[in-house]
2 protein chains.
Amino acid sequence: MAKYEKIADGLRERIRSGEWLPGEKLPSETPELTAHYKASLPTIRQALAVLAAEGVVDKVHGRGNYVREPRKLVVRTNERHQWEKDRARQPEEERRKTGATEHDTGLTISDLVFDARFRDIEANKDLAGLFGVPVGTQLLERSYRTRYREEDTPFNVSRSYLVRDVAKANPDLLNPAMEPWPGGTQHQLFTIGIELSRIEERVTARPPTAEEAEDLSIRAGVSVLLLRKICYDTEGRVVEVSDVTMPGDRTEMVFTTSLNRW
Amino acid sequence: MAKYEKIADGLRERIRSGEWLPGEKLPSETPELTAHYKASLPTIRQALAVLAAEGVVDKVHGRGNYVREPRKLVVRTNERHQWEKDRARQPEEERRKTGATEHDTGLTISDLVFDARFRDIEANKDLAGLFGVPVGTQLLERSYRTRYREEDTPFNVSRSYLVRDVAKANPDLLNPAMEPWPGGTQHQLFTIGIELSRIEERVTARPPTAEEAEDLSIRAGVSVLLLRKICYDTEGRVVEVSDVTMPGDRTEMVFTTSLNRW
DNA sequence: GAGTGGTCTAGACCACTGT
DNA sequence: CAGTGGTCTAGACCACTCC
């Protein structure tokens with residue numbers, strides 16, 4: 001076993017044993033760790049890189065290496081879809097009480113903070129194919145960032161796409177100032193006469209791009225979960241596509257499948 | 001921008017332009033790349049580490065650095081569950097034709113290779129809580145590795161847990177030589193009088209442990225997708241728990257949720 | 001400015017692969 | 001054995017954070 005692996009194992013074990021608690025600073029690379037492990041700086045740094053990739057340690061330039069704080073786990077279910085659909089036709093007073101994300105996380109609306117930005121884009125090949133429209137068709141792109149009020153980093157960055165000509169039947173849908181919308185997207189679609197019958201969600205994971213690592217406050221080496229949600233109406237047409245980016249180290253997605261009885 | 005980043009960008013661009021095709025060998029670290037980029041070996045290696053983490057380059061000790069061959073994407077749906085349930089009561093001849101993984105991937109049974117290992121374990125707190133049995137209860141742990149016949153790395157490593165006293169009602173279930181079992185787990189459960197009514201799947205992602213990176217042939221830096229599948233029978237009891245580990249860079253999971261009509 | 005991490009060098013030696 | 005990547009060293013200098 002290589003020296004840097006032994007050092008990484010040693011540090012990992014010392015952290016697990018509680019020698020340094022979450023949020024605490026590790027000894028400095030130079031001179032403390034190099035002296036303690038009788039290794040050169042590059043070797044110490046290679047060991048720390050292993051721990052950073054595992055998400056055990058946070059490296060902060062100019063300050064030090066810190067034991068990573070566990071972050072609040074975020075759960076996302078697929079039962080939220082039926083739940084949201086059931087609420088879409090209820091009066092505003094009821095819809096205003098809570099949203100699907102609050103339903104999943106067990107929080108109240110005031111615990112969460114939203115940020116919404118809208119813009120018009122032209123459908124690329126990917127989106128045009130999904131919506132069944134020509135490339136270049138005007139789409140409404142809505143970007144959201146959701147975070148806990150008490151944290152400063154979003155746990156969810158998403159982009160939602162609608163065909164602009166469909167959405168404009170209700171001008172309020174084009175206005176970001178109307179967000180957060182009580183009742184969520186399914187109520188929005190209800191106001192323009194659309195009922196969803198099926199939602200398809202595709203999940204993949206990969207290392208974050210530099211931009212994503214920045215947005216979600218994750219280190220390179222902690223993965224991002226990508227969710228593409230495709231909403232079908234009762235005619236089987238695609239009416240909404242969303243791409244959601246979530247930090248892999250604090251997100252759990254739950255999908256429940258009911259089976260027909262024999 | 002750091003020198004190693006510039007070198008990584010340069011190499012990435014040369015690979016994208018087709019200067020070296022998938023499977024081809026890059027110039028040697030020493031002396032070729034160090035000379036070409038006028039950089040020291042550690043700097044060249046840092047640049048290559050970036051490309052390896054992105055999955056662009058495969059590093060092979062003693063041979064060289066190679067442009068990574070794209071691997072076959074593996075798709076896993078949740079429709080497989082109902083599909084498998086529908087087949088569970090069909091005659092063996094029918095069940096033998098194809099399995100759920102083949103259903104998802106569009107392959108035939110002969111394209112896939114299985115490896116199964118069984119052992120008895122005692123329920124830890126986690127599993128005991130799920131099954132609703134005392135800690136220490138005997139469980140049957142079945143470990144599977146699934147791969148394409150033409151590749152040498154599994155795309156799926158899974159462990160399935162059953163309560164041993166429940167499984168032993170059919171002694172064949174305790175025998176790894178009976179695998180692969182035509183009709184899959186749902187038929188196995190059928191032979192001991194169990195019908196599933198609901199399947200819950202929890203998805204998370206994280207960096208691979210050293211062992212997982214080894215098993216799935218992914219480099220540290222490419223994430224693993226973890227799926228915990230919990231099967232409930234018609235009485236709402238947990239009858240099977242599976243933990244599936246998949247390489248994040250080649251797996252896509254698709255979950256479809258049907259909504260009740262208004 | 002002191003402390004600390006980030007980058008880089010030049011070179012040595014080990015470990016693995018294929019001839 | 002030659003070729004190639006893997007590990008490690010000692011030390012220099014730069015960049016960021018905080019006082």
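Lettering follows sequence order; numbering is per chain, from 1. Both backbone and side-chain heavy atoms feed into the values below; hydrogens, waters and symmetry mates do not. Remember, predicted model here, so these are calculated numbers, not experimental data.
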Chemist: So, does A/T30 get its side chain near the phosphate of C/dG5, meaning an N or O under 4.0 Å from OP1 or OP2?
Modeler: no
Chemist: For the residue pair A/E32 and A/T30, confirm or rule out a side-chain donor-acceptor distance under 3.5 Å.
Modeler: no
Chemist: For salt bridge (charged side-chain N to carboxylate O under 4.0 Å, His left out), just list the numbers for B/E240 and B/R142, CA-CA rounded to whole Å, side-chain angles, deciding distance to a tenth of an Å, and then say yes or no.
Modeler: CA-CA 11 Å; B/E240 193 212 1; B/R142 307 181 295 166; 3.7 Å; yes
Chemist: So A/E201 and A/R76, salt bridge (charged side-chain N to carboxylate O under 4.0 Å, His left out) or not? Walk me through it.
Modeler: CA-CA 12 Å; A/E201 295 174 285; A/R76 184 187 196 279; 2.8 Å; yes
Chemist: Return no unless some side-chain N or O of B/N65 is found under 4.0 Å from OP1 or OP2 of D/dG5.
Modeler: yes
Chemist: Starting at atom NE2 of B/H61, determine the distance to atom C1' of D/dG5, rounded to an integer number of angstrom.
Modeler: 5 Å
Chemist: Within less than 4.0 Å of OP1 or OP2 of C/dG11, is there a side-chain N or O belonging to B/S40?
Modeler: no
Chemist: Let me know, please, whether B/E32 or B/L41 comes out on the 5' side of the other along DNA chain D by nearest nucleotide.
Modeler: B/E32
Chemist: Can you check whether B/Y4 has a side-chain N or O nearer than 4.0 Å to OP1 or OP2 of C/dC8?
Modeler: no
Chemist: Can you see if the side chain of A/R63 gets near the phosphate of D/dC18 - specifically, an N or O under 4.0 Å from OP1 or OP2?
Modeler: yes
Chemist: Think B/K3 has a side-chain N or O under 4.0 angstrom from the OP1 or OP2 of C/dT9?
Modeler: yes
Chemist: Taking A/D243 first and then A/R202, would you say they form a salt bridge - that is, a charged N and a carboxylate O separated by under 4.0 Å?
Modeler: no
